[in-house]
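Residue numbering restarts at 1 for every chain, and letters A, B, ... go by the order of the sequence lines.
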Amino acid sequence: MSLLRLEGVGRRFGDGVTALAGVDLDVPAGAFVTLLGASGSGKTTLLRLIAGLDQPSDGRIVWAGDAAPTLGYVFQAPTLLPWATVAENVALPLTLAGRRDPEAVTAALAAVGLEGRAEARPRELSGGMQMRVSIARALVARPTLLLLDEPFAALDEITRDRLGVLLQRLWREQGLTIVFVTHSIPEAAYHASRAVVLDRAPGRVAATFDFAADRPRERTSPGYFAACADLAAALARTMAGAHEDA
Amino acid sequence: MLERLAPVAVTVALIALWEGLVRALAVDPFVLPAPSAIGAALVASAPSLLAALLHTLTITWIALALALPSGVGLAFLIHRSALAEAGILPIAVVLQATPVVAIAPIIIIWTGVDQPDRALVVIAWIVAFFPVLSTLLSALKAIDPALHDLFSLYGASGRARFVRLELPASLPALVSALKVASGLALIGAVVGEYAAGSGAAQGLAWRLIEAGNRLEIPTMFACLALLSALGLAQYALLGGLERWVLTRRGLAASRRPAGR
Ligand SMILES: Nc1ncnc2c1ncn2[C@@H]1O[C@H](COP(=O)(O)OP(=O)(O)OP(=O)(O)O)[C@@H](O)[C@H]1O
Ligand SMILES: [Mg+2]
């Protein structure tokens with residue numbers, strides 16, 4: 001069953017830039033959808049449309065229920081309030097909804113392994129920890145759909161792998177649906193139950209791959225390199241002839 | 001420590017030099033009175049000078065108290081609405097660009113010649129309000145758009161966005177603006193008293209003019225010294241507030257390396 005479906009979604013900006021054109025995309029409930037595409041292929045635009053931060057100029061977004069479910073959004077940068085404590089930052093979605101739920105905050109911090117740092121300020125944390133705060137904030141309101149826009153792009157490889165494992169675990173334990181934007185083929189192949197490759201501008205779906213959701217997530221698993229190769233080939237096809245304006 | 005003592009030492013040395021030169025060269029006290037004579041005048045008319053000081057201080061801080069909410073309010077209005085920006089900002093800029101000395105007489109007429117204090121407050125407010133407005137506007141524009149997205153995503157009301165994002169984000173800028181505005185408000189109050197003229201005003205600037213008319217040169221200098229002290233005290237006070245805010249934010253300049 002699909003949680004949401006994009007039907008012929010397009011987005012043109014005022015200055016004549018067409019970021020997306022005729023995107024058909026199905027996000028099954030409980031899926032881990034990775035969105036892979038060249039820079040400028042409209043990945044962020046797509047995520048913002050799903051989040052309702054922007055409106056499509058064509059097509060429509062159909063939700064399984066009547067309306068969009070509870071959302072969590074992880075931006076590319078941690079995007080924390082520098083003057084607020086970690087706990088206050090994590091609590092923000094609740095606070096803005098007029099709710100107070102210290103237990104949910106504690107649970108979200110525990111889920112990302114930051115239970116000891118509730119009273120710290122963002123500047124006292126490393127980049128990886130700040131990203132974990134940002135993930136905890138996205139989880140605190142118990143979203144059904146979690147959107148992540150290249151969340152680990154600015155992190156070193158070891159931190160990135162650790163957070164990847166953490167995200168996998170959260171997905172399995174909390175029954176989330178995830179849409180995950182990334183530049184990284186290994187990252188997409190590692191996480192995806194469905195991997196979508198976007199064409200270069202104007203973005204549209206170039207290829208879709210489905211993988212077993214419950215496959216072992218070891219880098220040594222037999223399917224892993226094949227998945228990487230498939231995604232790399234699909235991505236390369238979208239890039240054909242694109243070297244001059246990469 | 002040495003750095004903190006340096007300005008005090010230099011000031012003391014300059015005053016001593018001044019005193020010594022005036023005595024050695026027997027400078028006419030109508031041209032330049034010795035610091036000791038100024039000090040004596042200060043002590044002699046202390047009660048009335050302090051009353052005048054208090055008066056100027058009151059005008060300045062009433063103007064500041066008005067400049068703060070009006071500057072902040074207008075900045076938010078202009079930031080939220082392009083229409084308000086087009087309508088209000090040019091007027092504010094014109095008001096700022098016109099020398100306040102030139103506007104002062106008109107304001108005095110408008111607020112009633114028999115109500116000089118009102119005019120002083122308005123004049124001081126006009127000069128103090130613009131730095132609050134413009135500093136806050138740039139601080140609001142500098143807020144990370146992703147933070148605004150975050151607030152939109154979680155359905156923040158306009159009020160919540162103001163209280164939880166825009167106000168805290170612009171707080172350091174606001175305190176710096178207040179520091180600048182306090183100096184300008186004092187200048188505004190002084191200029192206003194000059195414009196209000198004869199006998200109507202009761203502040204330090206008026207005492208200064210009056211002392212000049214009576215050729216009480218040491219008293220003139222005493223007024224001047226009090227005005228500088230007032231400006232300095234305000235600046236130090238608000239500078240302290242600024243450092244406190246920045247330190248709490250972890251934004252204060254890191255301590256200088258030892259040995260400097
Ligand atoms: N608000 C906007 N106004 C005008 N053009 C925009 C806007 N947002 C995005 N675009 C344009 O739309 C295209 C797609 O942008 P988008 O940010 O979605 O790409 P992306 O796939 O996320 O790229 P990257 O991998 O570099 O983050 C780009 O050409 C971009 O310049
Ligand atoms: Mg992007």
Side-chain angles (χ1 to χ4, degrees), chain A residues 44-45 47-55 67-86 88-99 120-125 130-131 133-143 145-151 154, chain B residues 72 75-76 79-83 85-86 135-136 138-179 240-255:
Chain A
T44 298
T45 306
L47 223 50
R48 289 174 56 85
L49 289 175
I50 295 175
L53 289 172
D54 191 13
Q55 304 305 319
T70 314
L71 287 180
Y73 198 119
V74 180
F75 297 86
Q76 179 159 350
T79 317
L80 304 175
L81 302 176
W83 54 85
T85 64
V86 164
E88 286 162 353
N89 268 291
V90 171
L92 187 73
L94 303 174
T95 313
L96 291 178
R99 285 162 54 200
R121 308 266 160 185
R123 72 185 126 85
E124 298 159 7
L125 305 179
Q130 292 184 16
M131 212 61 233
V133 175
S134 175
I135 293 173
R137 179 180 61 197
L139 291 174
V140 75
R142 299 220 135 248
L145 178 61
L146 183 61
L147 307 170
L148 303 104
D149 191 358
E150 298 187 45
Chain B
V72 171
F76 277 100
H79 184 64
R80 285 279 164 90
S81 128
L83 192 66
E85 174 158 14
T135 314
L136 206 65
S138 26
L140 288 174
K141 290 208 163 91
I143 295 177
D144 182 359
L147 282 173
H148 275 295
D149 280 347
L150 183 72
F151 275 66
S152 307
L153 190 77
Y154 294 116
S157 63
R159 212 186 98 88
R161 200 183 288 268
F162 175 71
V163 175
R164 301 199 176 271
L165 176 59
E166 293 171 326
L167 210 52
S170 47
L171 189 63
L174 196 60
V175 183
S176 316
L178 201 60
K179 191 174 71 175
L241 181 66
E242 184 184 23
R243 271 193 305 281
W244 181 73
V245 167
L246 291 183
T247 312
R248 280 197 47 140
R249 286 288 172 84
L251 293 175
S254 54
R255 291 176 61 100

Side chain, backbone, both or neither of [X] within contact of chain B (heavy atoms, under 4.5 Å):
| X | value |
| --- | --- |
| A/Leu92 | side chain |
| A/Arg48 | side chain |
| A/Thr95 | side chain |
| A/Tyr73 | both |

Plane angle bin for B/Phe162 and B/Phe76 - parallel if under 30°, tilted between 30 and 60°, otherwise perpendicular: perpendicular
When you measure from the side chain of B/Ser176 to the backbone of B/Pro172, do you find a donor-acceptor pair of N or O atoms at a distance under 3.5 Å? yes
For the side chain of A/Gln76 and the backbone of A/Asp149, is there at least one donor-acceptor N/O pair under 3.5 Å apart? no
Below 4.5 Å from any heavy atom of chain A, which atoms of B/Arg161 appear? Answer side chain, backbone, both or neither. neither
Toward chain A, the part of B/Leu171 with a non-hydrogen atom under 4.5 Å: neither
Evaluate the criterion side chain to side chain contact (heavy atoms under 4.5 Å, CB included) for residue pair A/Leu147 and A/Leu145; output intermediate values, then yes/no. CA-CA 7 Å; A/Leu147 307 170; A/Leu145 178 61; 3.9 Å; yes
Would you compute the distance between atom CG of B/Leu136 and atom NZ of B/Lys141 and round it to the nearest 0.5 angstrom? 11.0 Å
Heavy-atom side-chain proximity of B/Leu153 to A/Leu53 below 4.5 angstrom: yes
Give the member of B/Leu147, B/Leu150, B/Leu165 that has the highest number of heavy-atom pairs under 4.5 Å with chain A. B/Leu150
